[in-house]
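Structure, as structure tokens:
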Amino acid sequence: MPAPILPPAAEKRPTQRIVHGVTLQDDYAWLRADNWQDVLRDGSALPADIRTHLEAENHYAEARLAEGEALRAVLFEELKGRIKADDSSVPAPDGPFEYYSRFREGGQHRLYCRRPRGGGEESMLLDGDALAEGKSFFAFGGSDPSPDHRLLAWSSDENGSEFYVAHILDTTKGVMLDDEVPDTAGGVVWRQDGLAFYYVQVDKNHRASSVWEHRLGTPAGKDRLVYEEADSGMFVGLDRTQSRRMAVISIHDHETSEARVIHLDDPEGNVHLIAARETGVQYEIEHLPVADGKDQLLILTNADGAEDFRIMSAPLAMPDRRSWRDLIPHKSGRYILAMVVLADWLVRLEREDGLPRIVVRELASGAEHSIAFEEEAYALDLRGWEEFETDMIRFVYSSMTTPAETFDYNMRTRERVMRKRQEVPSGHDPSLYVTRRIFAPTADGESVPVSLLYRKATPIDGSAPLLLYGYGAYGISMPAQFSTNILSLVDRGFVYAIAHIRGGSEKGWRWYREGKLARKTNSFHDFIAAGAYLASHKFTSKGRIVAHGGSAGGMLMGAVANLAPDLFGAIVAEVAFVDVLTTMLDDTLPLTPPEWPEWGNPIVDEEAFSTILSYSPVDNVSAQTYPPILALAGLTDPRVTYWEPAKWVARLREKSTGETPAILRVNMDSGHGGASGRFDRLKEVALVQAFALKAMKVA
């Protein structure tokens with residue numbers, strides 16, 4: 001009989017500190033590299049003792065997961081076979097979600113490209129099969145053409161740490177210019193003369209905190225500071241109005257925002273404040289040029305108690321709060337997610353009763369009509385376009401059974417033309433599947449929407465395994481959209497479910513507010529209530545549920561593992577934010593000050609300290625039997641540092657009374673987005689799915 005596979009034993013190096021009169025002991029604090037800023041930029045800077053431990057964890061993970069290797073290979077080929085060679089839509093572990101912006105239905109996915117070498121002699125390629133040829137890859141942060149379309153600014157991140165380098169491609173010659181700007185947030189906005197562009201710089205602690213102007217042909221060290229944010233708790237972003245007349249500097253955290261603009265025809269790049277920040281007031285702006293020169297701003301805001309947001313207008317010449325007037329009044333329960341302003345039209349994306357719709361308003365007449373669909377659960381996404389004077393918009397529709405369909409829509413004639421339908425090369429028959437939306441009651445009288453997908457042939461008698469996905473933070477909603485990846489589980493008899501728990505905004509901004517700060521535990525109990533309801537109604541049964549979440553959803557996984565371990569047959573936590581208290585007590589980390597409005601500031605607020613301590617997964621691991629747990633991490637992840645899941649797994653092994661130790665797999669070459677190259681990312685998806693199938697004894 002072979003010797004048992006033993007997990008690496010994390011050395012215990014006890015450290016203590018007292019916060020608000022409470023003694024906190026952390027035996028695994030040494031796993032946090034003191035030089036973490038260097039590690040983010042270059043994983044080779046990791047201290048030797050920590051590297052030895054993480055490599056031992058990876059060897060153990062390989063051994064524990066070895067029995068699923070053949071299944072992973074089969075799953076990988078299935079996943080790869082559902083994607084066209086030029087299709088880039090493969091999700092990161094966190095889904096298509098980002099912390100720095102409020103989620104819009106559908107979202108965006110990161111692209112991975114081959115780096116141009118030799119003065120642009122090699123072309124930029126989507127990854128395709130190039131990964132198999134051993135070529136290096138990087139995260140593509142975005143691109144923007146100069147006003148005359150001669151130059152293309154684009155950005156790259158080579159190690160997953162989200163420090164992007166901006167490059168300039170001369171499209172007329174096919175060569176790269178010498179201009180390179182390091183440490184950007186990814187995007188740029190060109191001045192109208194095409195001689196310079198603006199960008200957001202990321203500081204050494206990975207905070208997007210300042211806006212700079214780069215003039216072509218000059219070294220980055222000579223760039224001009226345009227705006228610097230003094231408050232470390234605020235994110236700085238940069239975008240351009242649809243009119244292409246202004247750059248918008250957005251300064252925001254999770255509950256307060258402020259906008260400043262630069263007129264792109266102003267060679268001096270002067271910055272103009274729109275409305276001073278007020279705690280709890282959020283707003284976004286768009287520009288509407290008017291023939292008589294009395295240009296207007298349209299403002300999407302929650303000002304004056306508009307919890308689910310309203311759209312207001314103000315003269316550009318007098319943009320402060322006193323000038324704001326209602327255009328689309330607030331309506332409780334109708335959450336306005338986004339707006340697009342065109343020369344003759346105002347288009348808004350809103351959600352009511354959990355379902356999205358697009359509403360088109362003719363600015364001259366005020367007449368409105370909406371675009372909606374019939375399925376029980378579906379997703380809509382407004383897509384970007386370059387034209388301002390147009391009657392056309394583009395949107396993407398999908399459901400859990402219907403592949404993504406891209407439509408051009410003429411707002412004047414109301415003609416809808418499908419331009420593309422997502423192709424599944426290996427084949428997909430929607431008639432074989434069922435999509436449903438049900439509501440799970442909670443102990444406090446709420447009802448949690450749950451989106452479901454399963455094959456018609458799957459018995460709904462309690463015998464089916466079920467994968468339950470959840471997130472529940474930052475007001476992000478989980479769209480009921482099509483995913484080729486999940487079909488590998490569903491085709492093997494799984495029911496797939498998304499629990500739209502509090503902390504998201506599926507039922508309006510109140511739904512978000514009820515799942516943050518002191519009410520954060522509502523998110524956990526909602527997820528448990530959804531799982532219990534699905535079991536009681538025979539979609540699955542207790543112990544046949546695989547719980548899955550990433551990032552803030554990984555924190556959810558850690559919390560429900562502590563609260564209801566017997567409900568789940570297995571748990572997958574990707575880039576899991578599980579050491580909440582320690583992280584929120586460390587104001588040097590990239591996201592800590594900006595995250596205090598979401599979780600609370602335990603440094604100064606004793607009540608917030610007690611609340612976070614009561615649920616922080618690492619701090620609440622106890623002597624009980626845990627289900628099999630797979631934790632995934634990225635070494636250069638600036639959002640959820642690798643040591644959080646490493647400490648969590650060490651704590652689980654120390655306390656668990658069960659026989660199945662937790663498994664930690666650290667990608668030593670990636671950050672928050674998972675492996676570079678969509679096919680390597682698909683290998684991670686296959687690994688997760690093989691783990692779920694083996695845990696449920698389906699394969």
Side-chain angles (χ1 to χ4, degrees), residues 108 110-111 113-126 138-157 163-202 208 210-227 236-250 260-272 286-287 289 340-343 383-390 394:
Q108 295 182 343
R110 188 171 292 169
L111 302 178
C113 301
R114 195 174 104 209
R115 180 174 183 142
R117 302 285 186 188
E121 294 175 3
E122 291 187 353
S123 61
M124 290 198 299
L125 301 172
L126 289 179
F138 60 83
F140 180 60
S143 64
D144 192 56
S146 61
D148 62 4
H149 288 231
R150 185 177 64 85
L151 303 176
L152 180 73
W154 61 280
S155 61
S156 63
D157 162 31
F163 286 100
Y164 290 91
V165 178
H167 315 268
I168 306 296
L169 172 68
D170 186 329
T171 63
T172 64
K173 299 177 181 178
V175 299
M176 303 297 300
L177 302 186
D178 291 335
D179 297 75
E180 281 198 350
V181 182
D183 298 345
T184 80
V188 308
V189 173
W190 287 91
R191 269 189 1 203
Q192 284 189 358
D193 60 16
L195 300 177
F197 60 78
Y198 301 103
Y199 64 92
V200 174
Q201 189 175 75
V202 180
S210 56
V211 177
W212 296 74
E213 178 189 66
H214 175 74
R215 294 178 182 268
L216 296 184
T218 65
K222 298 292 187 180
D223 288 355
R224 180 177 70 91
L225 177 64
V226 174
Y227 174 80
V236 173
L238 182 68
D239 207 346
R240 183 181 53 213
T241 60
Q242 186 66 29
S243 69
R244 307 182 72 86
R245 306 278 186 86
M246 300 177 188
V248 180
I249 301 171
S250 61
R260 297 167 185 257
V261 300
I262 304 169
H263 294 272
L264 294 175
D265 60 359
D266 176 8
E268 300 300 320
N270 294 304
V271 178
H272 305 274
E286 265 293 352
H287 172 226
V340 175
V341 177
L342 301 172
R383 288 294 164 93
W385 50 89
E386 294 299 318
E387 299 297 325
F388 181 63
E389 296 181 358
T390 179
R394 176 165 290 180

I want to check something: taking the side chain as every heavy atom from C-beta on, are R260 and V211 in contact at a cut-off of under 4.5 Å? no
Taking every non-hydrogen atom, the tightest pair across G237 and V200: C-CG2, 4.0 Å
Are W212 and L225 packed together at the side-chain level, in the sense that at least one heavy-atom pair is separated by less than 4.5 angstrom? yes
Measure the acute angle between the ring planes of W190 and F197, then classify it against the limits of 30° and 60° as parallel, tilted or perpendicular. perpendicular
From L169 atom CG to D179 atom CG, the distance as rounded to the nearest 0.5 Å: 12.0 Å
Are V248 and T241 side-chain neighbours, meaning at least one heavy-atom pair lies under 4.5 Å? yes
Give a yes or no answer on whether the side chain of T172 reaches the backbone of R150 with a donor-acceptor pair at less than 3.5 Å. no
Checking H263 against Q192 for the side chain to side chain contact (heavy atoms under 4.5 Å, CB included) test, could you report, in this order, the C-alpha distance in whole Å, the side-chain angles of both residues, the deciding distance, and whether it holds? CA-CA 9 Å; H263 294 272; Q192 284 189 358; over 6 Å; no
Going by heavy atoms in the side chains, are L151 and L177 under 4.5 Å from each other? yes
Output, in order, the C-alpha distance, side-chain angles, deciding distance and verdict of side chain to side chain contact (heavy atoms under 4.5 Å, CB included) for I249 and V236. CA-CA 7 Å; I249 301 171; V236 173; 4.1 Å; yes
For a quick test of reading the model, state the closest non-hydrogen atom pair linking E286 to V341 and the distance between them. CB-CG2, 3.5 Å
Quick check: are there more than 12 heavy atoms from other residues, nucleotides or ligands sitting under 6.0 Å from CG of D178? no
Compare all side-chain heavy atoms of F388 with those of R244 and state whether any distance is below 4.5 angstrom. no
Is the shortest heavy-atom distance from the side chain of K222 to the side chain of R215 under 4.5 Å? no
Could you state the interatomic distance from CE (M176) to CD1 (I168), rounded to the nearest 0.5 Å? 7.5 Å
Taking all non-hydrogen atoms of both residues into account, name the closest pair between L152 and S143 and its distance. CD1-CB, 4.0 Å
Using a 3.5 Å distance criterion without hydrogens, assess whether the side chain of S155 forms a donor-acceptor pair with backbone atoms of G186. yes
Out of curiosity, L216 CG to D193 CG, how far, rounded to the nearest 0.5 Å? 9.0 Å
Can you measure from CG (L238) to OH (Y198) and round to the nearest 0.5 angstrom? 9.5 Å
For the pair T171 (side chain) and H149 (backbone), establish whether a donor and an acceptor sit closer than 3.5 Å, ignoring hydrogens and angles. yes
In Å, rounded to the nearest 0.5 Å, how long is the span from CD1 of I262 to CG of N270? 9.0 Å
Q242 CD to H287 NE2 distance, which is reported to the nearest 0.5 Å: 12.5 Å
Please give me the minimum heavy-atom distance between P147 and R191, naming the atom from each residue. CG-O, 3.3 Å
Atom of H214, atom of D223 and distance for their closest heavy-atom approach: ND1-OD1, 2.8 Å
Of all the heavy-atom pairs spanning S156 and H167, show the shortest one and how long it is. OG-NE2, 2.8 Å
